[in-house]
Structure formats: C-alpha cells, structure tokens
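Position 1 is the first residue of the sequence; numbering continues from there.
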Amino acid sequence: MKPQPRIWVDADACPVAMKEILYRGAKRTHISVTFVANQPLSIPPSPYLQFVQVERGFDVADHWICQQASPGDLVITGDIPLAADVIAKGATALNPRGELYTKENIRARLNMRDFMDTLRASGVDTGGAPALSQADRQRFANRLDTWLQRAAG
C-alpha cells in the first residue's frame with residue numbers, strides 16, 4: 001500500500017487566506033498538511049496540521065521542503081526554483097494564487113523569473129505582484145480541492 005500524499009507549505013510567504021483554505025481542506029479530507037517556516041507560526045490544533053520551524057537563512061525552508069517532498073505530494077509555494085525542484089521529484093506545485101506549476105510550464109516560469117531579476121538588478125522598477133484577489137482565492141481553493149479529491153480517492 002502506497003503512503004497517502006501530503007501537502008507541504010512554504011509558509012513564510014503564504015497568505016493567511018490560503019492557510020485558512022488549507023486548514024479546512026485538511027480537516028475535511030484528513031490529509032496531512034505541514035507548514036514550514038523560519039519563524040514561529042500559529043496553526044489550529046488538529047491531527048492533520050503540523051508546523052516545522054527551520055533555521056533562519058536563505059532558502060532553508062525551501063531546501064527542507066524539497067528533501068521531504070515525495071512523488072504525489074503537493075507543495076504550496078510561490079518560489080519558482082522550489083517548484084521546479086519538487087516537480088523534478090514527481091510532486092505537484094501550486095502557488096498561492098492558484099497557478100499550477102507543471103513540467104510543461106516551469107522552464108518558462110524560471111526564465112521569466114531570471115529575466116525579471118536581471119531587470120531589477122539593472123535598476124528597472126518592475127513593480128510588485130498585484131494584491132491577492134477574490135478570483136485568486138477561488139482559483140487556489142478550486143485547484144486544491146481537485147488535488148485533494150484525487151489524493152483522497
């Protein structure tokens with residue numbers, strides 16, 4: 001019998017609204033969700049929710065998540081290099097805006113990220129990401145629900 005898939009959350013930058021959606025999903029489906037951050041995080045008491053605090057440092061949480069993720073797991077992250085790493089391991093990656101990273105789109109996402117980093121390094125103001133919208137929340141909830149149904153079934 002293969003182990004039940006798990007959800008790993010890059011929690012330092014995960015919006016509160018998405019964390020709450022994850023709390024409800026874990027309770028409903030009994031699928032384990034582990035929040036990983038380098039600073040303390042309060043989560044509701046539940047046998048399906050865990051919190052792991054890692055050391056402070058650049059990409060420490062990302063490396064920890066990548067080591068733990070297994071094929072079939074879901075990783076919630078806005079960090080494109082982490083998404084690429086877990087996809088290479090056979091996991092699924094979903095960002096907090098509900099965008100699914102796949103083998104087919106991750107290379108283009110990495111290239112765009114690198115291009116934007118180059119622009120910023122040369123002094124170009126690229127602006128920031130727009131505020132999280134209700135459509136983003138709904139897209140995230142829908143994609144999470146689809147994954148949970150497959151994982152629980």
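Between the CG atom of L82 and the CG atom of N95 there is a distance of 12.0 Å, given to the nearest 0.5 Å. Taking NZ of K89 as the reference point, atom OG of S70 lies at 6.0 Å (rounded to 0.5 Å). The CD atom of Q53 sits 9.0 Å away from atom CG of L41, with the distance rounded to the nearest 0.5 Å. Taking CD1 of I80 as the start and CG of D85 as the end, the distance is 12.0 Å to the nearest 0.5 Å.
A heavy-atom distance below 4.5 Å is not found between the side chains of I65 and T77.
Contact detail for L148 and G25: the closest heavy-atom pair is CD1-CA, 3.9 Å. In plain terms, the two heavy atoms of P96 and G78 that are nearest each other are CD-N, 3.8 Å. Summarising the geometry of A69 relative to V86, their closest heavy-atom pair is CB-CG1, 4.1 Å, with the distance given to 0.1 Å.
Follow the hydrophobic side-chain contacts under 4.5 Å out from W64 and you never reach F35; the two are in separate clusters. V33 and V52 end up in different hydrophobic clusters when Ile, Leu, Val, Met, Phe, Trp and Tyr side chains are linked at under 4.5 Å. V9 and V60 are assigned to two separate hydrophobic clusters, defined by single-linkage of ILVMFWY side chains at heavy-atom distances under 4.5 Å. Under the 4.5 Å side-chain heavy-atom criterion for Ile, Leu, Val, Met, Phe, Trp and Tyr, I31 and M18 are members of the same hydrophobic cluster. Linking Ile, Leu, Val, Met, Phe, Trp and Tyr residues whenever their side-chain heavy atoms come within less than 4.5 Å leaves W8 and L94 in two separate clusters.
Sorted by first and then second residue, the side-chain hydrogen bond (donor to acceptor under 3.5 Å, both in side chains) pairs involving residues 133-146 (not counting sequence neighbours) are R28-D145, R97-D136, S133-D136, D136-R139, Q138-N142, D145-Q149. Applying the salt bridge (charged side-chain N to carboxylate O under 4.0 Å, His left out) definition to pairs two or more places apart or across chains, none involves residues 6-27. Residue pairs meeting the salt bridge (charged side-chain N to carboxylate O under 4.0 Å, His left out) criterion with at least one partner in residues 55-73, sequence neighbours excluded, are absent.
Legend: residues meeting side-chain contact (heavy atoms from CB on, under 4.5 Å) with T92, ordered by chain and number and at least two apart, are L74, L100, W147. H63 is linked by a side chain to side chain donor-acceptor pair (under 3.5 Å) to nothing, counting only residues two or more places apart in sequence or in another chain. Here Y23 pairs with nothing under the side chain to side chain donor-acceptor pair (under 3.5 Å) rule; sequence neighbours left out.
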Test T34 against I7 for side chain to side chain contact (heavy atoms under 4.5 Å, CB included), laying out the working first.
-> CA-CA 6 Å; T34 302; I7 299 174; over 6 Å; no
Taking it one step at a time, do V36 and V54 satisfy side chain to side chain contact (heavy atoms under 4.5 Å, CB included)?
-> CA-CA 7 Å; V36 183; V54 296; 3.9 Å; yes
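Ring geometry, Y48 versus H30: the interplanar angle falls under 30°, so the pair is classed parallel (tilted spans 30 to 60°).
Residues S32 and Q50 have side chains that bring a donor and an acceptor to within less than 3.5 angstrom of each other.
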